[in-house]
Amino acid sequence: MDTSSPATIQSLDEIILEFYAAGVIKLGQYKLKSGVMSPIYIDLRELIGFPKLLNTAAQLLHNVIRQKSSSISCDVLCGAPYAAVPVCTLVTVAQNIPMVMRRKEVKEYGTKKAVEGPVKDGAKCVIIDDVCTSGLSIMETATDLRKVGLVVEHAVILLDREAGGPFNLQNEGITLHSVMTLSYVCQTLVKSGKLDPKMAKQIEQFMASQAPDPKPQKVVNGNGLSKTWKQQSFSARAEHTSNAVAKHLFQLMDRKKSNLIVAADLTSTEAILNLADAIGPNICAFKIHADIIDGFSEDFVSKLKELSQTHRFLIFEDRKFSDIGSTVARQYGGGVFQIAHWADMVTIQPTPGPAVIEGLKKGQRSGHGIGGALIAEMSSKGALPNKENVAATIQMAHDHPEDIMGYICQSDIDDEPRFVRMTPGVHISEAGDTLGQQYVLPETVIENCADAVIVGRGITEAFKPSEAARMYQTRAFEAYLKRTSQ
Ligand code: S5P
């Protein structure tokens, strides 16, 4: 948010109050695109009734592009349809930069173009939008712009609703720049007496339920001693990590009250998408094996990504990368699956040594690092136990904190709070399968070594998967709460 000088803060406050008076900022109960009811609504379409305010909004956006000109290179602008088109037109005039228009509905006649205007292959296009919630609308626009050859790396918006938009977009290679945040708008309205503090609290709670909250927590016991990683809350540990994926996952687990990762080891795209939609609200991450899916396609990926944004879960590809750097760079960044384009997290076998991480970095396509989960210990019967290998795996994680977000493990292997521990081989029946899988109860693994449980057939083969997911979610999260209260 751009509040770099007191003069800017002052004028921004005044502008917010003018927006409020004009009905651009509304308080009440409004349905968002996601279907969620929100106690506050920002509707930039109202601005066209107030030319002076429309111009002010354009100037605010223009200032962000100008101030960040060293990082935002821009050959052409695109206002996200349709609310941002008028304001974008004013920015193109102020900046003297051409503009393209994206059509939401492609015409059945004429040129049938989805993007109108001066489209040059490789030209850098900056998206202008009013508000960002999860980033879905900006992504839809970016997808169409990219299809015609434009390069989209930045989006500039008026208001960030702080519901994970910047993270989701970074994941797609787009950096989001906002003029103001929803919390700042609320603070300004409370300060000026326009918003009742009780209502502000309600909005704050609504936002907390929607978005990650990076509030730091002190990490000491009542006796002043440092807490072990197991005693610390997810939100406190989010503060200890510089890894964007680990941070996001810790915050998501805290907000969604879910430390359940589902292993969706199904082979039909339809079954996988149905499962993701049914249990999306109960999970923090959705793990797949792309190479067992029949008919894996770009369309499947885009549907899964849409569900991940609607239900707020991360996509986890269990590829278990295990080769020399140059090979994994290709396996990750290209080939049939194009994993780097859609996976928030991937599993990595440490056996090739640090070269495997360097290779993945080379194949990287997103802006938030590879989200690597190092396989430290496996759940299968007879898995090769080797103390030295585990120690070397921990060292690899410590040497690459920007790219390694956590471990797949079966025991308490490390004291460092910044990594997310994920444990598979979890089921409410501890019988195991006929091919070497061994199971432990969710409570046991959370108490012993895990932050998140990975559950596959316990959910996918349940009579009612959504009920099973709810049950695993409750049991795993309650075990985490019990552990952190000790
Ligand atoms: O050690 C491991 C590591 C992994 S990632 N043991 C595992 O079982 N996994 C994965 O977790 C495995 O590939 C599968 O996708 C999931 C466990 O599935 P379930 O049906 O046995 O719960």
Side-chain angles (χ1 to χ4, degrees), residues 245 249 259-268 271-272 275-276 279 282-293 296 304 313-322 331-332 337 339 343-351 356 360 370-386 389-390 393-394 397 404-413 419-446 448-463 465 468-469 471-473 475-476:
V245 180
L249 187 57
N259 50 347
L260 171 63
I261 298 173
V262 71
D265 294 342
L266 305 171
T267 52
S268 123
I272 294 174
L275 181 72
I279 67 168
N282 306 105
I283 58 172
C284 59
F286 192 81
K287 186 173 83 62
I288 57 172
H289 287 279
D291 56 359
I292 65 168
I293 302 172
F296 181 93
L304 185 59
F313 58 74
L314 296 181
I315 303 178
F316 190 178
E317 163 55 26
D318 193 0
R319 175 63 180 78
K320 297 189 178 71
F321 288 103
S322 175
Q331 290 171 326
Y332 182 46
F337 300 115
I339 297 166
D344 298 304
M345 294 157 62
V346 291
T347 42
I348 306 171
Q349 287 286 12
T351 32
V356 68
L360 289 168
I370 55 179
L374 277 172
I375 309 259
E377 298 164 317
M378 292 208 58
S379 61
S380 41
K381 200 169 179 186
L384 306 181
N386 186 335
N389 278 358
V390 173
T393 305
I394 295 165
I404 298 304
M405 52 78 61
Y407 303 111
I408 302 290
C409 58
Q410 296 291 323
S411 67
D412 186 0
I413 54 172
F419 298 112
V420 185
R421 282 83 166 157
M422 294 157 280
T423 301
V426 175
H427 203 294
I428 49 163
S429 146
E430 294 181 274
D433 68 9
T434 53
L435 294 173
Q437 179 66 301
Q438 306 178 108
Y439 287 124
V440 185
L441 295 174
E443 289 81 2
T444 311
V445 292
I446 296 286
N448 288 348
C449 61
D451 292 312
V453 292
I454 299 179
V455 181
R457 286 162 286 180
I459 292 173
T460 56
E461 292 182 0
F463 178 56
M471 181 267 294
Y472 277 103
Q473 175 192 8
R475 285 181 62 165

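Below, each value reflects all heavy atoms present in this structure, side chains not excepted, and no hydrogens, waters or symmetry copies. We count ligands from 1, going down the list as the structure has it; atoms in each ligand are counted the same way. A quick note: this is a predicted structure, and the numbers were derived from the prediction, not measured.
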Can you check side-chain contact (heavy atoms from CB on, under 4.5 Å) on Leu260 and Ile279, steps first, answer last?
CA-CA 10 Å; Leu260 171 63; Ile279 67 168; over 6 Å; no

Residues passing the ring pair (Phe, Tyr, Trp, His ring centres under 6.0 Å) test with Tyr439, sequence neighbours excluded, are His427

Give the minimum heavy-atom separation between Val346 and Phe316, together with the two atoms involved.
C-CE2, 3.8 Å

Closest protein heavy atom to atom 17 (C) of ligand 1, given as residue, atom name and distance to 0.1 Å
Gln437 NE2, 3.7 Å

Any chance NZ of Lys320 has more than 12 other-residue heavy atoms, nucleotides or ligands included, within less than 6.0 Å?
yes

Ligand 1 to Arg457, heavy atom cutoff 4.0 Å, flagged ligand atoms 19 (P), 20 (O), 21 (O), 22 (O)

Ligand 1 atoms in contact with His289 (distance to a heavy atom under 4.0 Å):
13 (O), 15 (O)

Spacing of Asp344 atom CG and Leu249 atom CG [to the nearest 0.5 Å]:
9.5 Å

Can you confirm, on distance only, whether ligand 1 has an N/O atom lying under 3.5 Å from any N/O atom belonging to Ser379?
yes

Taking distance alone, with no angle check, do Asp265 and ligand 1 share an N/O pair under 3.5 Å?
yes

Expected output: side-chain Gln410 to main-chain Met378 donor-acceptor under 3.5 Å:
no

Only heavy atoms of Tyr439, strictly under 4.0 Å: list the atoms of ligand 1 that pass.
19 (P), 20 (O), 21 (O), 22 (O)

Can you tell me the protein heavy atom closest to atom 5 (S) of ligand 1 and the distance?
Asp318 OD2, 3.0 Å

Residue, atom name and distance, where the atom is the protein heavy atom closest to atom 4 (C) of ligand 1:
Pro424 CG, 3.6 Å

Of the options Ile459, Asn282, Ile428, which is the one that meets Met471 in a side-chain contact (heavy atoms from CB on, under 4.5 Å)?
Ile428

Could you tell me whether His427 approaches ligand 1 through its side chain, its backbone, both or neither, with non-hydrogen atoms closer than 4.0 Å?
neither

Quick one: look up the protein heavy atom nearest atom 22 (O) of ligand 1 and list residue, atom name and how far away it is.
Gly456 N, 2.9 Å

Taking 4.0 angstrom as the limit and counting only heavy atoms of Ala263, give me the atoms of ligand 1 inside it, by number and element.
15 (O), 16 (C)

Minimum heavy-atom distance Asn389-Thr393, with the two atoms named:
O-OG1, 2.7 Å

Gly425 versus ligand 1: do any nitrogen or oxygen atoms come within less than 3.5 Å of each other?
no

Pairwise distance CD1(Ile348) to CZ(Phe321) - rounded to 0.5 angstrom:
8.0 Å

What atoms in ligand 1 come closer than 4.0 Å to a heavy atom of Met378?
1 (O), 2 (C), 3 (C)

Can you check whether Gln410 has an N/O within less than 3.5 Å of an N/O in ligand 1?
no

